[in-house]
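Note that these values count all heavy atoms, side chains included, but never hydrogens, waters or copies made by symmetry.
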There are 2 protein chains.
Amino acid sequence: MIYLDYNASTPVDARVASLVQEASHAYANPSSTQHRAGQQAAELVEHARQRLATAVHRTPREIVFTAGASEAAAIGIIGAMLGDSRRPNVVIGATEHKAIIQAAEAGARLGGGEVRIASVDHSGLLDLSRLNELVDDSVSVVAVMAANNETGVMGPVEQASVIAHSRGALFFSDITQLLGKGDTTDVSTHADLMVCSSHKLYGPKGAGALIASRHTQKALFPILGGGGQEFGLRGGTSNAPALTGFGLAAELATQCLPETMNRLTVLRDQLWHGLQELGSVEINGGDAPRVCNTLNVRIAGADAEAVMASMPDVAVSSGSACQSAVPTPSHVLLAMGRSTTEAGESLRLSIGTPTTESDIRASIAKLSAAALRVRELTGDLERFLDDA
Amino acid sequence: MIYLDYNASTPVDARVASLVQEASHAYANPSSTQHRAGQQAAELVEHARQRLATAVHRTPREIVFTAGASEAAAIGIIGAMLGDSRRPNVVIGATEHKAIIQAAEAGARLGGGEVRIASVDHSGLLDLSRLNELVDDSVSVVAVMAANNETGVMGPVEQASVIAHSRGALFFSDITQLLGKGDTTDVSTHADLMVCSSHKLYGPKGAGALIASRHTQKALFPILGGGGQEFGLRGGTSNAPALTGFGLAAELATQCLPETMNRLTVLRDQLWHGLQELGSVEINGGDAPRVCNTLNVRIAGADAEAVMASMPDVAVSSGSACQSAVPTPSHVLLAMGRSTTEAGESLRLSIGTPTTESDIRASIAKLSAAALRVRELTGDLERFLDDA
């Protein structure tokens, strides 16, 4: 199988897996600080906190560990919206991940506020003048993702944060798809709240983080306070083995960042170059700055579901993993002005550090053959080949 | 080290650890059902769901997987409280786990309701006539735990559920400390909502569940809906490896239940018998039915913190793990009418399937020596030895 769905999830790096294995012997509850076994588990968690903090250019006290980015987003967004009753509203970009949209909707319903959606242009870039109109002093938080999970388009986080801050709102940015694939210095400088996930950067599943200053943490209503762990924001026994793996994965992913970015950019561009032979292909978000590993390609005349069914040994997706089971077109592509048909002809190809040149060559061959088969079956072959 | 803190967390069973290891190769996102790799991960999750369902006497559709019991409690309790605006209030037992109390408080604050606390008697048993007074038709949910994490006292779940249901409220029961250590048939029959956790029954950390019928699930406001996973109640990428381990752990823990219960009861009673030599010792909750592995013992004249400091190679606790870092007396023991001093002289000893008779003998010796040292240092030795 050729796996080109790294934006959905990644395999665990071997060094990380071996550390997780080792850390699982520290099975005591990290909150059991009355005995040495608990203290050892707590030390693992704190070491991981330090590693992640370094990777995201923050201090350990700013890392609130969670079980993943979706949970972190709920704690951050709902928490911010309910933390200030004078600001019940939220503004989010139209292409945010479903977890962000759902958190915003939950927060609005609970606090009696509304979700305001900032539109994006044809390339997926946020309309900053529209954002400027939507943010007023009834808004608690503005969410603009650092890199889109479907297209890889990188959001104008600095400008968006300036708009949010000028109205006294917090600025939230989902860095799940940027961490380990792009420089997070800018977003870390400008965002009040960030979320990320271990299993998107070769760490184990079941670990994520909300990143916020102590001051911002205190402004949040704690919807998941539980037993008081993680500075009162995320209750529940800390998952020391998974967090240990997350810490190392974040360190590894950011240490070799320039090399990774160069290598993945070259491979992704090779993939695009090869697919162009099909004719009538285009990159969704092609005009915008994009993260190095993601290629969302529309192959006109080739329904994406049919293409995927026609190449069972290549793992790609037609949108976000969360939405795979739901036969609706991508809200991200529709927001970018694509028609339902165009969105239905779009595939998300996301590569990762294990991807090789030979994977790319094989993917081009298999994808092209599948797309041609689908075009042929639907009688569209002639039409599109003329284009090539 | 002798570990007697199994109620805080347990080591992972070797068979479970090896299955988790194997399952971690299925790294794709279980929501990525458009390709075989994702389908394989999804199959693991569904198999785990079936295993846990069998262990708790329910159907797979009733299992909502989470990252742990605290998160599950928040989804269940806050969800129930906000799901019906005519019922903003909640009733909980006075000895509930902090995660339940915090969820109830969050739900009350968000919905404009109140948390009503049902008192317990000296033995830790819920006052049912008081419960009856507190539950009216403004109450959405009544929470009474199946087994207390500090004392092991088992709640009168059937009677409490009858009271809840007679007023149209949902009945919630935390079975985290009962599953694998006692029969859950009764609570499963009577509860609308249950929560449990993998790492309390020799499964990996990072897995838990909310258990509720489809009908009850639909009555919940989804505070953590995220990408729509787990029937819209718990968004976020499913942690297939951890859930796989959880499923097997639940199966193993319930398959050998009668043997486990017999063996742990014998060992726990040996421990109690040995400690009685100290004189002036009593079991907190000793008059109530208790889960087989837990002994909460008060050693008069021996401050628990000092005893623990005096035996660094025995891992016990003075209350819930979550509260270890907080130097306040146990709210559970205070609710049972213990004074601050009495609560401060109480130790939670919780044994597990790896515990041996030799562990018990060594624990008695070390605990007794430590308690005598503390009594001696505080000048209370003579007084209490006369009692023995």
Exercise for review: Pick one of side chain, backbone, both or neither for A:Thr66, based on which atoms fall under 4.5 Å of a heavy atom in chain B.
Suggested key: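 Answer is neither: A:Thr66 stays 4.5 Å or more from chain B.
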
Check your understanding: Who pairs with B:Thr244 by side chain to side chain contact (heavy atoms under 4.5 Å, CB included), at least two apart in sequence or on another chain?
Key ->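 With neighbours one apart ignored, the set is B:Leu19, B:Ala23, B:Leu44.
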
Without swapping roles, check the side chain of [X] against the backbone of [Y] for a donor-acceptor pair under 3.5 Å.
{"X": "B:Gln34", "Y": "A:Met308", "result": "no"}
{"X": "B:Glu71", "Y": "A:Ala67", "result": "no"}
{"X": "B:Lys205", "Y": "A:Tyr27", "result": "yes"}

Check your understanding: Of all of B:Ser197, B:Ala28, B:Ala17, B:Ala26, which one pairs up most often with chain A through heavy atoms under 4.5 Å apart?
Key ->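 If we count pairs closer than 4.5 Å to chain A, B:Ala28 comes out on top.
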
Practice item. Heavy atoms only, distances under 4.5 angstrom: which of B:Pro222, B:Pro11, B:Ala42 has the most pairs with chain A? Name it, please. Key: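 Answer, by heavy-atom pair count under 4.5 Å with chain A: B:Pro11.
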
Practice item. List for me each residue that meets side-chain hydrogen bond (donor to acceptor under 3.5 Å, both in side chains) alongside A:Thr294, sequence neighbours excluded, and say none if there are none. Key: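 So A:Thr294 forms a side-chain hydrogen bond (donor to acceptor under 3.5 Å, both in side chains) with A:Asn7.
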
Check your understanding: Among all residues two or more places apart in sequence or in another chain, which pass the ring pair (Phe, Tyr, Trp, His ring centres under 6.0 Å) test with A:Phe231?
Key ->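 Listed in chain order: nothing, the list is empty.
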
Check your understanding: Of all heavy-atom pairs between A:Ala37 and B:Met1, which one has the smallest distance, and what is that distance?
Key ->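 Closest heavy-atom pair between A:Ala37 and B:Met1: CB-SD, 3.6 Å.
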
Point to revise | Proximal to chain B - members of residues 73-80 of chain A, heavy-atom separation under 4.5 Å | key: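 Only A:Ala74, A:Ile78 of residues 73-80 of chain A have a heavy atom under 4.5 Å from chain B.
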
Check your understanding: What's the verdict on side chain to side chain contact (heavy atoms under 4.5 Å, CB included) for B:His199 and A:Asn29, showing C-alpha distance, side-chain angles and the deciding distance?
Key -> CA-CA 9 Å; B:His199 80 101; A:Asn29 192 317; 4.2 Å; yes

